[in-house]
Every structure is written in structure tokens, then in C-alpha cells.
Amino acid sequence: MGGHRAVQLIREIDALRSAVATVRADGGTVALVPTMGALHAGHMALVAEAKRRGAHVVASIFVNPTQFGPNEDLSLYPRREASDARMLEEGGCAILWAPDVAVMYPDGHATSVRVSGVSDDLDGAARPGHFDGVATVVAKLFNQVRPDIALFGEKDYQQLAVIRRMARDLDWPVEIIGVPTQRDADGLALSSRNLYLSDEERVAARMLPRALGEAAQAIRDGKAVAEALGAARERLAAAGFDPIDYVELRDAGTLAPLATLDRPARLLAAARLGRTRLIDNLPVLPAD
Ligand code: PAF
């Protein structure tokens, strides 16, 4: 494909281990970019950051059933492996790890990883069990690939915090790298789930980054946090978001609730437009 070295598509763990050993023998580090496929520029920014760091890139595509709730979109989740593989190849990925469910979770699989505290509220409360599923599959991916670095988008900010906590707690020799959110021209964070939005919902969706941006600015300017969050909720409701799961200011590292901007913070929101649940977040730094 156009001068790019072909990406190796691998579905079995033994083959993965020997392919990773072969690229490792070339020298340099191994980077893991975990995904659920339906790739977009946000995922490709993770691959590009790994390449910029000089790493051999292993991308995984696995639509992980254990992180979907019973009424969530597992069966609808977009699957487009052939075009994903082409994008990864053009991005310079060495290996595409795409196991079947039976390889990831063979009969009798009984182990789950739970990261308490940082997993408990926000998306953890709105989607019970979600972060246990994420932590479990990421733990398995770390053991399967044994990367030196692993890259995750800041769009899933709580997920990134959960994975950082897990890697630290379990002494994994892997550096976790958060990559800033990629956005469309109107500010909407790129997400595979944006594919579910109707044209009308896609227009309304731009209120999510806008309301967050306004609240972040108001908080930086000294407005009371509760008031700024209330105003953001009102703007989202007026744009048609229903329900609004949360709009919250949190400690940027621990995700503990913050009533005032007295340390680096993150403003996080999740809300539904029709059948699509959107999340977004922005940094909010106190003035020096
Ligand atoms: O962010 C995602 O796409 C998924 O949660 C991840 C990290 C690949 C685990 O399934």
C-alpha cells in the first residue's frame, strides 16, 4: 500500500508475542495504541504521537463486551476492520492485534480488575461496571503486548485516570501517555459514537464543547463553580441534551470533587442527545 510497510494483522496470542519480539529485535520501544476500531483522526493522533516518539506501534482493535452495560450499544458499535487496517498501515503501524472475543475471554474466564476510587462516580456511576471492563481488558492488553508505552486519548479523561492508577498500583513497567482531544472544526470532540448522530443532533452537539468552554472561562474569571456548572447544564438542556448525567469540576489527577478552583482541575460532562451519549472535558488551570 503506497510505500508503507504492510501492517501485520494478528488474531492469536502466540503469533502476537512472536511478532512483537521480532519488531523489538529491531531496537527501539514498543507502543500500544488500544482501540475499539471505527478509527478517526483522534486515534490516528495516538499513532502519530507514538511514531513521533520513535516507537514501533502495535494498535489493538477489540470491541470489548465487558465494558458495555446490558442496555448499551455493543451490537450496534461500528465495525470496519478493513478500512481501519488501511488507516493504521498509512499511519505506519507495525502490528494490528485484533483478537476474537473467544481469544480475549476464553471459556471459564473469571478474572476482573477493579480500580476503586477513581472509577466510582461520573461515568462509573452512570455506567456501572464499565471501568471494571476497561481495566480488565487493558490489563490483558498490557500482558499480551508488553509495551514500553501506551497511549490513550484525553477525551476519555476518567478512563485515562483509571488506567494511570491501575498501572501505578500494579507496578506495570509501562509509561501511560495522554494525548489531547482531537476536535472537528466546530469544537465537537471526535468520537466513534458521533456516527450515531442525526444531522440535526450533530448541529446541536456543538453545544457540549461550547458550554464547557464558557463554564471553564467563567470559573477562571472567578465565577462561583456551582453557578458556572448550573449555567452549562442550562445551556445543554436548552440545546436538547437529556438527560445530562453530569457537569462537574474535578481535581485533574484524582478526580475528587472541587468546589473552588484552588488547583489544576478538569471540567467534565456527559449527556445524551437522542440515543447517543456524548462525553467531553477541558482543563481548567488556576491563575498563577
Ligand atoms: O477507549 C477505548 O476505545 C476503550 O475503552 C479501550 C481503552 C480500547 C479499552 O477497550
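In listed order, ligands and their atoms are each counted from 1. Here, residue 1 is the first one in the sequence, and each next residue gets the next number.
The distance from ligand 1 to the heavy atoms of V137 drops below 4.0 Å at these ligand atoms: 9 (C), 10 (O). Listed by atom number, the atoms of ligand 1 under 4.0 Å from P34 heavy atoms are 8 (C).
In the candidate list Q67, H130, Q159, Q67 is nearest to atom 9 (C) of ligand 1, counting heavy atoms.
Note on I149: it does not cluster hydrophobically with L32, by side-chain heavy-atom contacts below 4.5 Å among ILVMFWY residues.
Atom CG of D14 has 12 or fewer heavy atoms from other residues, nucleotides or ligands within 6.0 Å.
Contacts between I163 and ligand 1, counted as non-hydrogen atom pairs separated by less than 4.0 Å, are absent for every part of the residue.
Side chains of Y105 and N64: a donor-acceptor N/O pair is present below 3.5 angstrom, by distance only.
Looking at T35 next to ligand 1, no N or O pair under 3.5 Å apart turns up.
Hydrophobic side-chain contacts under 4.5 Å tie L285 to no other Ile, Leu, Val, Met, Phe, Trp or Tyr residue.
In this structure, R114 pairs ionically with D120, as a charged nitrogen and a carboxylate oxygen lie closer than 4.0 Å.
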